[in-house]
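To keep things clear, I will list the structure first and then write my remarks on it.
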Amino acid sequence: MGVLRVGISHTCGLALLPDILPKFRLEFPQVEFSLYEGNSTQLEDELSHGRADLIICFQPIMIEGVITIPLTEQQLVMVVPKTFTDQLFGDQAEEVRRQYAQGADIRAFEPLPFVLIKRGNRTRNIVDQYFSRYYFKPQLILETENTVTTLAMAQAGIGITICQELFLRAIPAPTPGSAGVDLFPLNDPAGCRRARSITRGSQKGALRFGGNGVIQGVLGEDLGPEALLTLGSVLGAEGTVGLGCSATPGAGMLARAAAAGVAAAGGDALAHSLECPVQGAGAAVHHGLAVSLFVEESGGAVYLHFFNRDGLPLGRDRERKLEQALLQGEVRRARSGQVGHLRRSDLTQERWARQTAEGAGLRRPALRRGAGAVGASTPEDRALRAALSAMGCKLEEAWRPGIIAFRAQRGGFLLTAQDERGAVVDAGQLLVLLTLIEMENGSGKVAVPAGASAAVELVAAGYGGAVLRLDRDGDQARELYAAQPWLRQAPAAAVRICSRMAVSGQKLEALAAKAPRFSAWRREVSLASDRGKVMQALAREQARTPTGEGLRMRTGNGWVYLTPMARRSALRIVAEGPDLELAAELCDFYAGRAAEIDRTISEQCAQEEDK
């Protein structure tokens with residue numbers, strides 16, 4: 001006989017205790033049960049001070065000297081109002097539901113509102129880490145302390161939420177006016193977390209570049225002032241370095257560490273006060289610097305953006321040198337008389353906006369003054385507003401029928417829109433539309449990223465034009481891409497589109513209807529063998545040669561593009577077709593083929609080792 005003192009989180013208690021307590025009382029009728037409810041930090045405090053005998057919570061456990069026992073694997077699940085799925089995918093919603101029941105691509109939901117639990121909660125930390133891996137920035141409209149509240153908001157059709165699958169038991173019953181929710185698991189291996197695990201410190205991994213020349217990390221975990229000091233010293237050896245950061249204490253601290261490293265290596269740090277990465281790219285072009293760094297802090301993660309003098313990523317060769325320097329951790333030191341200085345840039349927000357508007361405009365007489373809506377809650381949107389205002393657009397802060405709305409994301413390098421009727425025009429569609437504008441404007445050529453939709457080729461072919469791809473066409477593509485910032489930067493893209501609307505008098509709805517639209521389907525395939533060997537085998541089957549780091553194939557009426565993942569042994573497969581069904585079919589076929597080849601290569605390697 002005695003008392004068992006148990007700590008558990010509110011939502012875990014709601015999901016687990018109705019099952020656990022009756023069984024416990026049957027097996028141990030003489031033991032009194034004392035319950036403490038709180039968040040993970042509070043539970044760990046109770047355990048460490050001896051006020052609880054055991055706690056049930058999610059990893060990582062932040063205290064040492066305790067025994068931990070894994071209870072269950074928990075996957076992250078996206079809870080989406082059914083009305084959102086219907087709105088986003090239209091006639092193809094049911095097909096999407098069937099596909100996403102096996103694992104959803106969160107990026108498809110980027111334009112929609114999210115409701116999440118507040119930062120500091122262990123589950124929110126896991127969700128933020130998932131976001132950072134995909135460079136995903138949710139359109140956050142509400143944060144709350146209680147997971148049940150977020151689930152109720154999703155059930156009411158207010159926003160999307162994400163939680164551990166354990167918590168799905170807490171979803172309130174639908175109200176008479178609710179259409180219910182869709183439950184889509186997030187198909188990332190890191191989305192699974194044990195309810196309990198043994199944790200004795202952390203193993204820091206090497207910092208590496210991801211896509212688009214960006215290093216991602218978490219402040220205080222794998223990114224700190226030591227890493228920025230090292231980076232700054234390597235960059236400073238090249239001379240003057242452009243430097244900017246988000247208006248947050250963490251980003252400011254990291255930027256100062258980088259500036260100290262630059263000066264220690266004998267270089268000068270040229271600092272500007274622009275507040276988002278796309279403006280940092282503009283500063284790199286304005287000053288013509290060989291290398292610039294922008295430290296972005298957002299959503300609990302840190303992103304280090306590097307630019308060359310054209311405002312483009314540094315390129316893989318220079319990225320590898322920086323990765324090696326970070327791995328070695330050595331700081332270059334100049335003698336006392338050679339220490340560099342911190343200087344201030346003359347590029348203001350107004351000057352940057354004016355240069356962007358002048359550079360991206362069509363320079364033809366306008367038939368009407370542009371009008372639209374752009375929010376002002378994020379640095380990217382404020383930069384977007386500044387550029388559109390500089391070209392003379394009349395702006396509101398929220399969409400309404402009859403006007404268009406723009407939203408900038410991913411540091412200002414991704415643009416989405418709503419047309420005059422409220423239909424969402426995603427980034428891929430806007431790139432196709434911008435290609436159409438270039439062809440109509442007589443340019444004849446565009447340069448696009450490796451993963452751009454095959455629809456850009458269809459548009460260019462209709463005008464006798466050409467499309468250069470960065471992974472295939474080398475320096476010629478990079479030079480053209482640098483000269484067309486509206487194909488990669490949200491503020492310049494919005495200016496270009498609004499300029500075209502003002503010159504022609506057409507609505508966005510009519511312009512978008514002229515551009516062909518392909519449906520896309522994406523999957524990731526984890527590999528046990530070498531990614532390069534799998535890619536080469538797929539290329540041989542199709543009599544193709546991989547270009548750059550990817551493999552693009554035309555198959556019937558569709559296209560398939562395969563690329564190796566930067567941070568783990570996996571392939572990303574993107575299939576496009578005139579309808580979603582064909583795209584999904586192609587994607588599934590090549591995912592299955594990649595998995596088969598991977599198994600064959602793994603078996604061959606095992607047999608060779610046995611010999």
Side-chain angles (χ1 to χ4, degrees), residues 105-114 127-140 188 209-218 244-248 251 274-284 292-307 311-314 356 374-387 405-418 424-431 434 448-453 470 481 484-497 520 522 563 565-567 572 574:
D105 180 358
I106 194 172
R107 290 163 294 195
F109 297 87
E110 199 154 29
L112 301 177
F114 278 71
V127 172
D128 282 341
Q129 289 170 16
Y130 183 91
F131 288 160
S132 70
R133 273 189 294 278
Y134 283 91
Y135 201 27
F136 180 85
K137 293 184 181 178
Q139 185 179 336
L140 195 58
D188 185 329
F209 281 85
N212 300 319
V214 177
I215 291 176
Q216 303 174 23
V218 178
C245 66
S246 301
T248 64
L274 305 174
E275 62 174 347
C276 78
V278 73
Q279 294 174 308
S292 295
L293 167 65
F294 191 97
V295 182
E296 180 190 17
E297 185 180 19
S298 177
V302 173
Y303 307 94
L304 306 181
H305 300 258
F306 296 83
F307 306 107
L312 299 177
L314 298 181
T356 300
V374 180
S377 61
T378 67
E380 296 98 326
D381 278 346
R382 288 193 288 274
L384 183 54
R385 284 184 68 90
F406 289 110
R407 184 180 179 218
Q409 296 166 277
R410 298 187 186 178
F413 295 100
L414 184 140
L415 183 70
T416 56
Q418 282 180 278
V424 174
V425 188
D426 64 29
Q429 293 171 264
L430 290 176
L431 181 58
L434 286 159
V448 297
S453 171
L470 295 180
Y481 197 53
Q484 297 174 328
W486 45 87
L487 297 181
R488 66 182 190 276
Q489 297 180 2
V495 167
R496 195 75 165 180
I497 291 168
R522 298 172 176 84
T563 52
M565 300 294 291
R567 294 191 168 208
R572 175 178 288 132
V574 180

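Every heavy atom of this structure was used, including side-chain atoms; hydrogens, water molecules and symmetry mates were not. Please read all numbers here as calculations on a predicted model, not as lab measurements.
Stacking of R488 on the aromatic ring of Y481 is recorded, both the 6.0 Å distance cut-off and the 45° axial limit being met.
Minimum heavy-atom separation, P491 to A387: CB-CB, 3.9 Å. The minimum heavy-atom distance linking P449 with L470 is given by the pair CA-CD1, 4.0 Å. Across D381 and A408, no two heavy atoms sit closer than the pair OD1-N, 2.9 Å. For Q139 against L112, the heavy-atom pair with the smallest separation is CB-O, 3.6 Å.
The shortest side-chain heavy-atom distance between I497 and F406 falls under the 4.5 Å cut-off. The side-chain heavy atoms of Q409 and T416, taken from C-beta on, include a pair separated by under 4.5 Å. Inter-residue side-chain proximity for R410 and E380 is flagged as unmet; no heavy-atom pair is nearer than 4.5 Å. P313 has its side chain out of reach of F307: every pair of non-hydrogen atoms, C-beta onward, lies at least 4.5 Å apart. Between V302 and V218, every side-chain heavy-atom pair lies at or beyond the 4.5 Å cut-off. Between F131 and I106, some side-chain heavy-atom pair lies under the 4.5 Å cut-off.
If you look at F136 and F114, their ring centroids are closer than 6.0 Å.
A distance of 12.5 Å separates CG of L314 from NE2 of H305, quoted to the nearest 0.5 Å. Considering CG of L431 and CG of L415, their distance stands at 10.5 Å, rounded to 0.5 Å. Note that CG of L414 and CG of L430 are 8.5 Å apart. Values are rounded to the nearest 0.5 Å. Taking CD1 of I215 as the start and CG of L293 as the end, the distance is 9.0 Å to the nearest 0.5 Å. For the atom pair D426 CG and R107 CZ, the distance stands at 13.0 Å (nearest 0.5 Å). In this structure, the separation between CZ on F209 and CG on L304 is 8.0 Å, given to the nearest 0.5 Å.
A search for side chain to side chain contact (heavy atoms under 4.5 Å, CB included) contacts involving S298 returns K137, E296, Y303, not counting sequence neighbours. Checked against salt bridge (Lys or Arg N to Asp or Glu O under 4.0 Å), R496 has the following partners two or more places apart in sequence or in another chain: E438.
Of the possible polar contacts, one joining the R382 side chain to the A376 backbone as a donor-acceptor pair under 3.5 Å is found. Looking only at distances, a side-chain donor or acceptor of R385 sits under 3.5 Å from a matching main-chain atom of V374. A donor-acceptor pair under 3.5 Å is formed between the side chain of S246 and the backbone N or O of E297. A donor-acceptor pair under 3.5 Å is formed between the side chain of Q279 and the backbone N or O of C276.
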